[in-house]
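These notes are about the structure you will find just below.
Every chain is numbered from 1 and lettered A, B, ... according to where its sequence line falls, protein lines coming before strand lines. If you're wondering where the values come from, they're calculated on a predicted model, not measured in any experiment.
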Number of protein chains: 2
Amino acid sequence: MPRSGAEARDRLERGALELYIERGYDQTTIADIAARAGVTQRTYFRHFPDKREVLFSVESRQQQALADALAEVASSAPPLAAVLQAFRSMAPALEDNRPLAVARHRVISVTPALRERELMKEAALGAVVADALRQRGLSEWSATLLAQVTTAALGHAIHTWVADRNSDINDLIVQAFTDLGEFASSHLGPR
Amino acid sequence: MPRSGAEARDRLERGALELYIERGYDQTTIADIAARAGVTQRTYFRHFPDKREVLFSVESRQQQALADALAEVASSAPPLAAVLQAFRSMAPALEDNRPLAVARHRVISVTPALRERELMKEAALGAVVADALRQRGLSEWSATLLAQVTTAALGHAIHTWVADRNSDINDLIVQAFTDLGEFASSHLGPR
DNA sequence: GTCTATATCGCGATAGAC
DNA sequence: GTCTATCGCGATATAGAC
């Protein structure tokens, strides 16, 4: 019953995940979540704008981390390599929270409403990448194209990672980029 | 004020787009949409599951068209080329509905809730592509990776198309795939 | 077609933390 | 005392149930 905002917020996040797993997203009411965290419904809405967002605070942190990582990559590195390096720098943090990530994705994958939100977060990540690429001098067209495509590849790597207990996210990211390059050049040919 | 299902549905779609443009999505109520179409709220929900879906019946048709196109591409064509060909086959239909597409995207781009739904539709398109690639013998990993990535490229082409009055969707799709191959091979290089 | 649950948000009052 | 989080009450509208 601490009054401190951060703790209540944390309890709301954990409780929501638990409830969404126990009963399913649709069968869980915001009142339930608030009750489990020992606060009122109104308080829930001060911390999160809607019923979905409780599960996505992680993504916000990842987005910030990615932005920082992108800024640190040497500006001499070619675009794709820079993005790859930034993505790989996120691996440790991801690997540390594997159990949580697996639990989250289990609920998300069976709940359309949550999947929509997840795609939105992925798009937000893409926007961050696009910004970084623009600052590296890429045209609007190229920056956005590469950002969208690489983000899609990252999403694919992460999905495979949470689904396969024995996989390593860093390896999967590298694999995705490698395969992408291989397919692209062998079938469409770079001039 | 015909009651015939198809006509009412059509009026609901047109009316919703108009209202979303006039007042904005948030300021529009489903009752408003139903009223403008001359039906009740209940009727609205018989045609569409929620407030967003009214704007996305086009996507459903595109998805079907894409599935058909993918099935018709010679199985001898390499994966990426097959997907590109299928995407290009959608160009005429898109070009025919340009004004509508522009109006839709204008509303969607400023409405997070609608953007989420759009991303979901894009993901659904990706699933169709992944299915086709799997049937062509690609591994689960490769099929999904290529599907996600090519779909992202298509999305980028379409966004550019609706934003640029003088662009041609077919050209943009080809350009996206070409640039993708170029970037991939010149910066990460396959072997 | 009617009824209801509940997500979402505005407002004024309250109560810990500094 | 000033913040800031919380509470409690109320209103609207989406979505689904009957």
Side-chain angles (χ1 to χ4, degrees), chain A residues 1-57 60 107-108 110-118 120-121, chain B residues 1-5 7-9 11-13 15-57 60 107-108 110-121:
Chain A
M1 37 202 74
R3 210 95 160 135
S4 124
E7 286 178 41
R9 185 192 167 92
D10 212 64
R11 279 189 316 251
L12 285 168
E13 287 183 19
R14 293 179 194 290
L17 177 57
E18 289 169 13
L19 286 165
Y20 289 170
I21 288 178
E22 289 171 20
R23 326 181 180 171
Y25 176 86
D26 292 325
Q27 287 66 48
T28 302
T29 185
I30 290 189
D32 294 336
I33 300 172
R36 180 166 297 200
V39 298
T40 68
Q41 205 168 343
R42 198 67 189 77
T43 298
Y44 172 95
F45 281 105
R46 212 168 284 96
H47 287 285
F48 308 98
D50 59 43
K51 192 177 169 184
R52 307 168 186 178
E53 200 67 17
V54 232
L55 286 195
F56 296 89
S57 65
S60 303
V107 186
I108 293 173
V110 300
T111 312
L114 293 174
R115 190 141 166 57
E116 281 190 338
R117 184 55 55 83
E118 187 186 37
M120 197 71 163
K121 297 298 181 178
Chain B
M1 38 202 64
R3 278 284 175 54
S4 124
E7 285 178 44
R9 184 192 167 94
R11 271 177 313 188
L12 283 167
E13 287 183 19
L17 177 57
E18 288 170 14
L19 285 166
Y20 289 169
I21 288 179
E22 289 171 20
R23 326 181 179 172
Y25 176 86
D26 293 325
Q27 287 66 49
T28 301
T29 185
I30 291 187
D32 295 336
I33 300 173
R36 180 166 296 200
V39 299
T40 69
Q41 209 163 351
R42 183 69 176 78
T43 301
Y44 173 94
F45 281 107
R46 248 196 290 275
H47 287 285
F48 309 98
D50 59 41
K51 191 177 168 184
R52 308 169 184 177
E53 202 66 18
V54 232
L55 286 196
F56 295 90
S57 64
S60 302
V107 187
I108 293 175
V110 299
T111 312
L114 293 175
R115 188 138 168 58
E116 282 191 338
R117 183 54 56 81
E118 185 185 39
L119 290 170
M120 197 73 162
K121 297 299 182 180

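One interatomic measurement links the two molecules: CD of A/Glu53 to C1' of C/dT8, which rounds to 14 Å at whole-angstrom precision. Across the protein-nucleic acid pair, B/Phe48 atom CZ and D/dG16 atom P stand 15 Å apart, rounded to whole Å. To the nearest angstrom, P of C/dA7 lies 18 Å from CG of B/Asp26. Separating the CG atom of A/Asp32 from the P atom of C/dT6 is a distance of 8 Å, rounded to the nearest angstrom.
Looking at A/Asp10, its side chain never comes within 3.5 Å of a backbone N or O of A/Glu7 through a donor-acceptor pair.
The shortest side-chain heavy-atom distance between A/Val39 and A/His47 does not fall under the 4.5 Å cut-off.
Ion pairing of B/Lys121 with B/Glu118 is absent here, as no side-chain N (NZ or NE/NH1/NH2) approaches a carboxylate O to less than 4.0 Å.
Summarising the geometry, atom NZ belonging to A/Lys51 is positioned 8.5 Å from atom CG belonging to A/Leu114; distances are rounded to the nearest 0.5 Å. Atom OH of A/Tyr20 sits about 9.5 Å away from atom CG of A/Asp26, to the nearest 0.5 Å. Here CD1 of A/Ile30 is found 10.0 Å from CG of A/Leu12. Values are rounded to the nearest 0.5 Å.
Applying the side chain to side chain donor-acceptor pair (under 3.5 Å) test to B/Thr28 and every residue at least two apart in sequence or in another chain returns nothing. The salt bridge (charged side-chain N to carboxylate O under 4.0 Å, His left out) search around B/Arg36 returns B/Glu18, B/Glu22, not counting sequence neighbours. For the side chain to side chain donor-acceptor pair (under 3.5 Å) test, no residue two or more places apart in sequence or in another chain qualifies with B/Arg46.
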Between the protein and nucleotides 10-13 of chain C, which nitrogen or oxygen pairs come in under 3.5 angstrom?
| from | atom 1 | to | atom 2 | distance (Å) |
| --- | --- | --- | --- | --- |
| C/dG10 | N7 | A/Arg42 | NE | 3.4 |
| C/dG10 | N7 | A/Arg42 | NH2 | 2.7 |
| C/dG10 | O6 | A/Arg42 | NE | 2.5 |
| C/dC11 | N4 | A/Arg42 | NE | 3.4 |

Protein-nucleotides 12-14 of chain D N/O pairs under 3.5 Å:
| from | atom 1 | to | atom 2 | distance (Å) |
| --- | --- | --- | --- | --- |
| D/dT14 | OP1 | B/Thr29 | OG1 | 3.4 |
| D/dT14 | OP1 | B/Ile30 | N | 3.2 |
| D/dT14 | OP2 | B/Thr29 | OG1 | 3.3 |

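Between A/His47 and D/dA5 there is no side-chain N or O to OP1 or OP2 distance below 4.0 Å. At D/dA5, none of the side-chain N or O atoms of A/Thr43 fall inside 4.0 Å of OP1 or OP2 (strictly under the cut-off).
Where DNA chain D pairs in unbroken runs of 3 or more (Watson-Crick or G-U, both distances under 3.5 Å), the stems are C:1-18 with D:1-18.
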key: Steps toward side-chain contact (heavy atoms from CB on, under 4.5 Å) verdict (A/Met120, A/Arg52)   = CA-CA 12 Å; A/Met120 197 71 163; A/Arg52 307 168 186 178; over 6 Å; no

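For the 3.5 Å distance criterion, the side chains of B/Ser57 and B/Ser60 fail to qualify, holding no donor opposite an acceptor.
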